[in-house]
Protein chains: 4
Amino acid sequence: MPRADAQRNRARLLEVAEEVFAERGTTVATEEIARAAGVGIGTLFRHFPTKEALLQAVYLARLRRLTDDAATSPSLTDWIRHAVEQSRVKNAFAEALTEAGIDPRGAAAEVHRDLLAAIDTMLRRDQSAGTVRPDLQVPDVIALLAGASRAVEVSPTSQSQVLNVLFAGLRP
Amino acid sequence: MPRADAQRNRARLLEVAEEVFAERGTTVATEEIARAAGVGIGTLFRHFPTKEALLQAVYLARLRRLTDDAATSPSLTDWIRHAVEQSRVKNAFAEALTEAGIDPRGAAAEVHRDLLAAIDTMLRRDQSAGTVRPDLQVPDVIALLAGASRAVEVSPTSQSQVLNVLFAGLRP
Amino acid sequence: MPRADAQRNRARLLEVAEEVFAERGTTVATEEIARAAGVGIGTLFRHFPTKEALLQAVYLARLRRLTDDAATSPSLTDWIRHAVEQSRVKNAFAEALTEAGIDPRGAAAEVHRDLLAAIDTMLRRDQSAGTVRPDLQVPDVIALLAGASRAVEVSPTSQSQVLNVLFAGLRP
Amino acid sequence: MPRADAQRNRARLLEVAEEVFAERGTTVATEEIARAAGVGIGTLFRHFPTKEALLQAVYLARLRRLTDDAATSPSLTDWIRHAVEQSRVKNAFAEALTEAGIDPRGAAAEVHRDLLAAIDTMLRRDQSAGTVRPDLQVPDVIALLAGASRAVEVSPTSQSQVLNVLFAGLRP
DNA sequence: CATGAATGAGTATTCATTCAT
DNA sequence: TATGAATGAATACTCATTCAT
């Protein structure tokens, strides 16, 4: 199983890891993830030489998806709604990385920059259109998104109310 | 050493545990907490037969403080602001609130009930006064508070903006 | 089992570790040593926080015994004979430590110094008495002892001949 | 790639393995050796079905060189001097000699026999000439050579003194 | 034949929990 | 009651070996 299957394995590991980390927290044994992906631990560690590296990769993949969505989303609120709906349970990744002593900005500078840029574009556009409060900045948006995800995680049945309140608060 | 010292030990352990968990995450070794509290590991386990039990106790203590604050707070937003400001480093409160979320396990039931009741009182009062949207329910409030704590944790410099947006969104 | 038994455990671990390392090489699993000593691995690691630390401790204990013997030995050759006879199989400790990147001199400065001093005393005494070649220096003695131990290890039946040759070569 | 390249690979692996084992100990990962030889790990295992087999092959190559030298050396002491000077870092030869010691495993029997015969020839010649003690036997010679290599390895600056003492001891 | 991805047993180390003192 | 040594299951990671391409 050469290059082709190797890449498939890597992709599968990432996918499975995201799910498992989400469902059972970032403290799950790496072996659990390997098992869930149907590969030996050796394979997992060949692709990600460290549990932290795996965590990083999962985290970066998430950021990339967020960035892509931001680039094509019609509005900031649509993007937030989508992101919150997507965020599978326990999105404790940033936290995990922070705990691990890794500054996500440092480790993943480019991806981070892209995400910030994409948010910035959306934000300015909507602010110009007068649909979003003008005093909002990119870091605030990130904080609010993280908060909304957490809120929905705490009380899934409150999802629509949480978004209602947030979107109402975002209006100028 | 009579009961007095035992109780003092228990109190000190709770206090120290909250600090250490907040600063270094809930994965710190229990021995670290014992050391920080100046007692032997055996003493810690005498007071809290399980690490889980210690965590629970810390969370319950937090919930009790939240409840007390709710009982004396002039308004829902004041309470939220106070809670968010209090939330020490890390997602201290958020975690506590997650636990409070829906599934109040056994012994903690009473504390949870009290907190929900206190929030309910505040909420109804403010809704009657017309300062808070009428479609809001107690679980939504908890979710929003957890979210706000998380948001501030992610971007501490966004604290006032986060609260601005949240409070704007809470208005009817 | 307080202090008393703890010290007994430590001593037993050292003793057993020396034997097992000697018999089976320094690559034996630490767990083997714990088992042979009749304690859990946890106990082993409580006493020696690292396999390397255990290796060090065993090595230092050997050096100390060599030093003590040197202090009381009537002559250099008696000391060498005794040391060679004592050296259980595979005395690969120095090697192990060198491989591990530890300079024994650095890590165990004092013990080393004492040994060198003891050898120096013996050597000068015998050289003054005219029983040992005057051009010999302390490092040569150490090298020769290490060599003799190795020689006997390679061919145990040659022990007396190896010593005969060595002692003949040591004479002025 | 015909037989030629395969043999070249095998030779290169042996050469590189000797160097790497000598420099970094026999615990280096086989993959390191493959990498250093510029071949895939699969190729290494095709030529040497086991790490043990590779080690054996390296040792045997050394023994063969020792044998060849013995066949052409003018005297036992010259041979020993040459062997000790050759012994690369670490106890390369010593280990090889340990293996040669007593228990020539299966396939290596012939090489061992040749070496012992070559030493025997030298030894008898020099004993007849009266330049070497008559009570010395072949295993003693092997042991002494192994010991000398080890001694020089322990204290490289003592090389000439070690040889002085040894050669003095070898005289009748 | 060569390659290198996959495998999984093995290893050092940690940590919650127990228990003798 | 407090202490901390002992315990061993659990975990991240390595490495010899196999095998599909």
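Residue numbers begin at 1 in each chain, while the letters A, B, ... track the order of the sequences. Everything quoted here is computed from the prediction, not taken from an experiment.
Consecutive Watson-Crick or G-U pairing (both distances under 3.5 Å) extending over three or more pairs maps onto DNA chain F as E:2-21 with F:2-21.
Look at CD on Gln7(D): it is 11 Å from P on dA2(E), rounded to the nearest Å. Between Leu54(C) atom CG and dT13(E) atom C1' the separation is 14 Å, expressed in whole Å. Rounding to whole angstrom units, CG of residue Leu55(D) and P of dA16(F) are separated by 10 Å. For Lys51(C) and dT14(F), the NZ to C1' distance is 13 Å, given to the nearest whole Å. Between Asn9(A) atom CG and dA20(F) atom C1' the separation is 13 Å, expressed in whole Å.
A heavy atom closer than 4.0 Å to some atom of DNA chain E occurs in Thr30(C), Ile41(C), Phe45(C), these being the qualifying members of residues 30-49 of chain C.
Under the 4.0 Å criterion applied to side-chain N and carboxylate O atoms, Glu153(A) and Arg150(B) are not assigned as salt-bridge partners.
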Fill in: Worked check of side-chain contact (heavy atoms from CB on, under 4.5 Å) between Ile41(C) and Phe45(C)
CA-CA 6 Å; Ile41(C) 345 117; Phe45(C) 275 93; 3.7 Å; yes
Discussion item. For Asp5(C) and Arg8(C): C-alpha separation, side-chain torsions, deciding distance, then whether salt bridge (Lys or Arg N to Asp or Glu O under 4.0 Å) applies.
Written reply: CA-CA 5 Å; Asp5(C) 265 43; Arg8(C) 201 171 302 167; 3.7 Å; yes
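Spacing of P atoms, dT21(F) relative to dC1(E), comes out at 22 Å, to the nearest Å.
Between Phe48(D) and Ala57(D) the shortest heavy-atom distance is CE2-CB, 3.6 Å.
Counting heavy atoms from C-beta outward, Arg62(D) and Leu66(D) have side chains that stay 4.5 Å or more apart. Residues Glu23(C) and Glu19(C) meet the side-chain proximity criterion, which asks for heavy atoms closer than 4.5 Å. The shortest distance between side-chain heavy atoms of Phe21(A) and Ile33(A) falls below 4.5 Å.
Side chain of Lys51(B) to main chain of Thr26(B): a donor-acceptor pair is present (N/O by atom type, distance under 3.5 Å, no hydrogens or angles).
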